[in-house]
Amino acid sequence: MTEELSQTLRDRRWKLDELLRLGIRPFEYGFERSHDSAAAIAEFAAAEDGESLDADGNGPRARVGGRVVAWRGHGKSAFAHLEDGSGRIQLYFRQDVLGEERFGVLDLVDIGDWLGVEGPLFRTRTGEVTVRVEAWTVLTKSLRPLPLGKSEVDPESGERVYHAAFKDTESRYRQRYADLAVHPEAREVFRTRARVVAEMRAFLDKDGFLEVETPALQPMYGGAAARPFITHHHSLDRAMYLRIADELYLKRLVVGGFERVYEITHDFRNEGVDRLHNPEFTMLEFYQAFADYRDMLEQVERLIGHVVETVTGGSDLTYRGERLSFARPLARVQFMDALGKALGSDPMTMTVTELKVRATALHLPELEGAGRGKLLDKLFGVLVEPSLVQPTFVMDHPIELSPLAKTHRSEPGVVERFELYAMGTELANAFSELNDPLDQRERFEAQRALGVAGDAEAHQVDEDYLRALEYGMPPTGGVGVGVDRLVMLLTDQPSIRDVILFPVLREED
RNA sequence: GCGCCGCUAGCUCAAUUGGCAGAGCAACUGACUCUUAAUCAGUAGGUUCGGGGUUCGAUUCCCUGGCGGCGCACCA
């Protein structure tokens, strides 16, 4: 490397060379730990309670490894903090313990280095459990300073208070490794995310659902209204699509005789990026034979309730200062009722022209060629959605919006469908699945007409799916849950990028 | 895609009307053997996001491009 290095980077390289010169391996092969920091602290506390400390106050010995996150030199002694996956532990180095030469080598240690240390545990005068370091080794020399601001622990709340923390949003997303390295609470968000997914699995597994994997690379996309990513398979010499939903494949499996199936996977939608949308996102879909959307509503209530309970310990959570209650039963409103109330007249009896007048009055753009379904959807989005702060099921959507849902058994013009909203955004979507292949073909044809008219998100006609339905799909309820958004709520994060480890960004430079 | 805001040292941020580009932390040198945002003294560190323009002089004003945030639109 001949690139010009900043003074800071040059300095780290110099220390690396010095370590090598002293015969110290700066990138070790491993380190056997006796404790992580939390276990070491716990074991010392237990020894203290058992009054088994020696005359100098030393308790059990520990070998701990971690990243140096703070350093306070005092001439012939030094304090440091080492952070590992379980937390932090203080280190105490003394020249009279380590010897002049070995203590001197500590000058080559920087914040950010990974160290392994060993020595007895003791409690300092100020009460902190600390390793009295008798031996130490460099595990990894850090060649680039971490963006680590100073921080202290608030004695009142126990929370970490940052002073000049690493907070440039762009850098945090681009260099997630650095964000995670200096923000334990960012790591906690992703631990929670993993727990949410694990609990969804546990809930469904326990209820007899089979986890399956369906293609991400598809010859034809479907199952949602969205623009796909298109790619090309060279040896087959044909276009392939990244899935926008796994719905149609999961229902094929119900046709095949798997009565309860689910998949937690990434969908890809070729659309804009904002606070609530990443082009690649995680969706849970599950399908249950012999069930209708009312059964699925109960399932969603129980599933979400279970996840909220696991993370918060109760049925409530706070998002952006707003208290949300997921206590069952959740509120429910009829799509048409809610929209009718907002419009001041019954949307079912309104003509397309009348709807368009109302939409125009609200300055809704993109009305060009919009059909009845799209108009209702847009009006609902503007007039009703923002008010759905507490978790609410919106029931029975217009048929034009839902080409894969069964028509309502008693209400004309609508389908058996619900969406779960909270904080004004959609969390889940479900219906009594349309299993009449003749009706399904008509719905596909209607979508094809919309597509011809210029709707880039219109559904394609999937002949293979129709063939599957012709074999016969039992009555089935299906649900999709936006996992990222649920995690946003549960971790109180303002942007979907805060719950996706490596969100989509434009190229650097 | 459109609008608004932002981009200055490793990190967080200043810089008056257009007038020598600064501070805290990190780093470096020195002092200090129970500190914890350690302390004290000193030192160094800059393509002010890129390109162009106006001007005696641009971090500052204008044009243009890049990236990000927020809002709108689209969507789950």
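Only this structure's heavy atoms are used, side chains among them; waters, hydrogens and symmetry mates stay out. Order of the sequence lines sets the chain letters (A, B, ...), proteins ahead of strands, with each chain counted from 1.
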- Item | Closest nucleotide among B:C32, B:G68, B:C28 to the A:D110 side chain | B:C28
- Item | A:R10 side chain near B:A27 phosphate (N/O to OP1/OP2, under 4.0 Å) | no
- A:K15 side-chain proximity, nearest of B:C28, B:A76, B:C34: B:C28
- A:V117, A:L121, A:T130 screened by side-chain contact (heavy atoms from CB on, under 4.5 Å) with A:I89, the one that passes: A:L121
- Message: Of the listed nucleotides (B:U35, B:A76, B:C70), which one gets closest to any side-chain atom of A:I496?
- Response: B:A76
- Among the candidates B:G69, B:A27, B:U35, find the nucleotide nearest to the side-chain atoms of A:T169. B:G69
- A:N278 and A:R497: side-chain donor and acceptor closer than 3.5 Å? no
- Note on the structure: To the nearest angstrom, the CH2-P distance between A:W71 and B:U35 comes to 17 Å
- Report the distance from atom CD of A:Q493 to atom C1' of B:G69, rounded to the nearest whole Å. 16 Å
- Message: So if I take every side-chain heavy atom of A:R275 and compare against B:U33, B:C34, B:C70, which nucleotide ends up nearest?
- Response: B:C70
- Applying side-chain contact (heavy atoms from CB on, under 4.5 Å) between A:V483 and each of A:L427, A:V197, A:T265, A:V307, report the one that passes. A:V197
- Could you measure between the two C1' atoms, the one in B:C7 and the one in B:U12, and give it in whole Å? 14 Å
- Item | Nucleotide nearest A:K167 (side chain, heavy atoms from C-beta), chosen from B:U35, B:C13, B:G10 | B:C13
- Query: Roughly how far apart, to the nearest Å, are B:C62 and B:U55 at atom C1'?
  - Reply: 12 Å
- So, does the side chain of A:Q90 form a donor-acceptor pair with the base of B:U35 at under 3.5 Å? yes
- Item | Residue closer to the 5' end of RNA chain B, A:D484 versus A:R94 (nearest nucleotide) | A:R94
- Item | Out of B:U12, B:C28, B:C34, whichever nucleotide has its closest atom nearest the side chain of A:D11 | B:C28
- Query: Stepwise, does the side chain to side chain donor-acceptor pair (under 3.5 Å) test hold for A:E419 with A:Y421?
  - Reply: CA-CA 6 Å; A:E419 292 180 300; A:Y421 281 84; 3.2 Å; yes
- Which part of the nucleic acid does A:G480 contact within heavy-atom distance under 4.0 Å: base, sugar-phosphate only, or nothing? nothing
- Item | Most 5' of A:E271 and A:G75 on RNA chain B, judged by nearest nucleotide | A:G75
- Item | Residue A:A225, side-chain heavy atoms: nucleotide from B:C11, B:U33, B:A76 that is nearest | B:A76
- Task: Take atom C1' in B:C25 and the same atom in B:G65, then report the distance between them in whole Å.
- Result: 34 Å
- Between atom CZ in A:F79 and atom C1' in B:C34, what is the gap in whole Å? 4 Å
- Message: So, does A:R125 get its side chain near the phosphate of B:U35, meaning an N or O under 4.0 Å from OP1 or OP2?
- Response: yes
- Task: Identify whether any heavy atom of A:D96 sits under 4.0 Å from a base atom; if not, whether one sits that close to sugar-phosphate; answer base, sugar-phosphate or nothing.
- Result: base
- Query: A:R174 side chain N/O closer than 4.0 Å to the phosphate oxygens (OP1, OP2) of B:G68?
  - Reply: yes
- Describe the nucleic acid contact of A:R497 in one word from base, sugar-phosphate, nothing, applying a heavy-atom distance below 4.0 Å. sugar-phosphate
- Task: Look at the aromatic rings of A:F209 and A:Y262 and report parallel, tilted or perpendicular, splitting at 30° and 60°.
- Result: perpendicular
- Note on the structure: Considering only heavy side-chain atoms of A:Y92, the closest of B:U35, B:U33, B:A76 is B:U33
- Message: Over all strands shown, is A:F122 touching base, sugar-phosphate only, or nothing at heavy-atom distances under 4.0 angstrom?
- Response: base
- Task: Using the P atom on both, measure B:U54 against B:U16 and round to a whole Å.
- Result: 24 Å
- Item | Face-to-face contact A:F281 to B:A76 six-ring, under 5.5 Å, under 30° | yes
- Message: Quiz question: going by heavy-atom distance under 3.5 Å, is there a donor-acceptor pair between the base of B:A73 and the side chain of A:D274?
- Response: yes
- Message: Using a 4.0 Å heavy-atom cut-off, does A:N278 contact any base of the nucleic acid, only the sugar-phosphate backbone, or nothing at all?
- Response: base
- Task: Determine the interatomic distance between P on B:G53 and the same-named atom on B:A14; round to the nearest Å.
- Result: 30 Å
- Item | Check: A:R243 side chain, A:P215 main-chain N or O, donor-acceptor pair, under 3.5 Å | yes
- Message: Within the 4.0 Å heavy-atom criterion, would you say A:E426 contacts the bases, only the backbone, or no part of the nucleic acid?
- Response: sugar-phosphate
- Task: Using a heavy-atom cut-off of under 4.0 Å over every strand shown, decide if A:L427 touches base, sugar-phosphate, or nothing.
- Result: nothing
- Task: Quickly work out the A:D168 CG to B:C7 P distance and round it to whole Å.
- Result: 11 Å
- Using the C1' atom as the reference point in each nucleotide, state the distance between B:G10 and B:C5 in Å, no decimals. 26 Å
- Selected nucleotide, minimal atom distance to A:S495 side chain, candidates B:C34, B:G68, B:C70: B:C70
- Message: Taking the P atom in each of B:A31 and B:C49, what is the distance between them to the nearest angstrom?
- Response: 40 Å
- Specify the closest pair of heavy atoms between A:A80 and A:F93, including all atoms of both residues, with the distance to one decimal. CB-CE1, 4.1 Å
- Task: Of all the heavy-atom pairs spanning A:V212 and A:L250, show the shortest one and how long it is.
- Result: CG2-CD2, 3.4 Å
- Please state the C1' separation for the pair B:C32 and B:G68 - nearest whole angstrom. 45 Å
- So, is A:R72 near the phosphate of B:U35, with a side-chain N or O under 4.0 Å from OP1 or OP2? no
